[in-house]
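The block underneath contains the structure these notes are about, expressed in structure tokens.
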Amino acid sequence: MSGIVYLVGAGPGAPDLLTLRAARLLERADIVFYDALVHPETIALAANARRIAVGKRCGKHSTAQQFINKRLVDAAAAHSIVVRLKGGDPMLFGRAQEEIAALEAAGVRYEVVPGITAALAASAQIGISLTQRGVVRTVSLVTPRVGEGEAANDWARSIVAADAGAIYMGVGQADAIAAALIAAGKAAATPVAVVENASLPNARVIYLTIAGLPRIADDGLPGPAVILIGAQFHAHQAAAASANALVDGATEPDDCRESTDPGRVRIGR
Ligand SMILES: C[S@@+](CC[C@H](N)C(=O)[O-])C[C@H]1O[C@@H](n2cnc3c(N)ncnc32)[C@H](O)[C@@H]1O
């Protein structure tokens, strides 16, 4: 084996939200295996590389993980610099560990290059800190999605135990998420911000509460979206922070703990 495999985070979507290290590796890469959510301009940085799509998005064609693992090992035997380009950060809900295990088993050198994860991009998009001082000291990053061969776990309890949470890959099961959080003891009136396409020009935000979460099914969110949950995600804070807020007839509660549903505000950026 002569090559090295770089597991590289491409960030949340915007092509300029990429680390310098990632950009330089792409420019030097011989071959790049990239995920579905990676921006075409980011892939284009690998101008001299063979570029291979191996991404998966819900309900669409995907390349089986074991096959990807094998391709990485095979590529390292034939090329000096192999880049495995993943959306966000490779180590957060990115299946990097399976690939690392396969590379280690085959004796292939590897390095991980971090990227900006979706929850941080979403928080930046709306101008509300995930760890707002005085309100939040703990944040739980979860996904209710259960992959093949994985056992389901009680993810909702970790959000109840934390001050705030970010749910990845959850939009398709908003009903079940709301029910699980309420059953686990989270107040139905807890504010929620659903951020779609964070960091991209077509970013959208929907503010509601846990009780109102099932309604996002009606909004049809075709892009990737993260669900942020916590007392700090009141719409009025983001509306104040956004110069071009589009407010859609929502009423604001004075105190979220006394409200059952503060309605909805859309913020466009
Ligand atoms: C397979 S996970 C990969 C997460 C990635 N490794 C990361 O660190 O962001 C894909 C999920 O990330 C979230 N996501 C990815 N890009 C996003 C974006 N630009 N805006 C909002 N959510 C995003 C969505 O919840 C999506 O279903």
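Numbers for residues simply follow the sequence, beginning at 1. Ligands are counted one by one from 1 in listed order, and the atoms in each one are counted from 1 as well.
- Of all heavy-atom pairs spanning Gln232 and Ser129, the tightest one is NE2-O, 3.2 Å.
- The hydrophobic clustering, which links ILVMFWY residues whose side-chain heavy atoms are closer than 4.5 Å, places Val160 and Ile182 apart.
- Contact between Ala121 and ligand 1 is absent, with no heavy atom of the residue lying under 4.0 Å from the ligand.
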Task: Chi angles and distances behind the side-chain contact (heavy atoms from CB on, under 4.5 Å) call for Ile126, Phe233 - done: CA-CA 9 Å; Ile126 60 177; Phe233 296 113; 3.9 Å; yes
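- With a 6.0 Å radius and a threshold of 12 heavy atoms from other residues, nucleotides or ligands, Arg51 has its CZ atom above the threshold.
- Considering backbone and side-chain atoms together, Pro12 places an N or O closer than 3.5 Å to an N or O of ligand 1.
- Hydrophobic clustering of Ile, Leu, Val, Met, Phe, Trp and Tyr side chains at less than 4.5 Å, counting indirect connections, unites Ile68 with Ile52.
- For atom 8 (O) of ligand 1, the nearest non-hydrogen atom from the set Thr117, Leu200, Val195 comes from Thr117.
- Other residues sharing a hydrophobic cluster with Val38 under the 4.5 Å side-chain heavy-atom criterion for ILVMFWY residues are Ile4, Tyr6, Val8, Leu18, Leu25, Leu26, Val32, Tyr34, Ile43, Leu45, Ile81, Val83, Leu85, Val113.
- In summary, the atoms of ligand 1 found under 4.0 Å from a heavy atom of Leu92, numbered by their order in the structure, are 4 (C), 5 (C), 6 (N), 7 (C), 8 (O).
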TODO: Please assess Asp163 against Val139 for the test side-chain contact (heavy atoms from CB on, under 4.5 Å), listing each intermediate value before the final yes or no.
DONE: CA-CA 6 Å; Asp163 297 321; Val139 182; over 6 Å; no
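- At under 3.5 Å, a nitrogen or oxygen of Asp89, whether backbone or side chain, sits near a nitrogen or oxygen of ligand 1.
- Which parts of ligand 1 touch Val226 is read off a 4.0 Å heavy-atom cut-off, strictly below it: atoms 21 (C), 22 (N).
- Residue contacts with ligand 1 for Val171 are absent, since no atom lies close enough (heavy atoms, distance under 4.0 Å).
- When heavy-atom distances to ligand 1 are checked against a 4.0 Å cut-off, Ala198 comes that close through both its backbone and its side chain.
- Evaluated by nearest non-hydrogen atom to atom 10 (C) of ligand 1, the leading choice among Met91, Arg145, Met169 is Met169.
- Within the set Pro224, Ala122, Gly115, the minimum heavy-atom distance to atom 17 (C) of ligand 1 is found for Pro224.
- If you check each of Ser199, Gly88, Ala118 against atom 13 (C) of ligand 1, the one with the closest non-hydrogen atom is Ala118.
- Residue Gly87 places at least one N or O, backbone or side chain, under 3.5 Å from an N or O of ligand 1.
- Taking distance alone, with nitrogen or oxygen atoms compared against 3.5 Å, Leu37 stays at or beyond that limit from ligand 1.
- Criterion: ILVMFWY side-chain heavy atoms under 4.5 Å apart, direct or through other members. Under it, Leu130 and Val135 are part of a common hydrophobic cluster.
- Residue contacts with ligand 1, taken as heavy atom pairs separated by less than 4.0 Å, involve Asn197 solely via the backbone atoms N, CA, C and O.
- Contact record, Thr138 with Ala161: OG1-O, 4.3 Å, taken as the closest heavy-atom pair.
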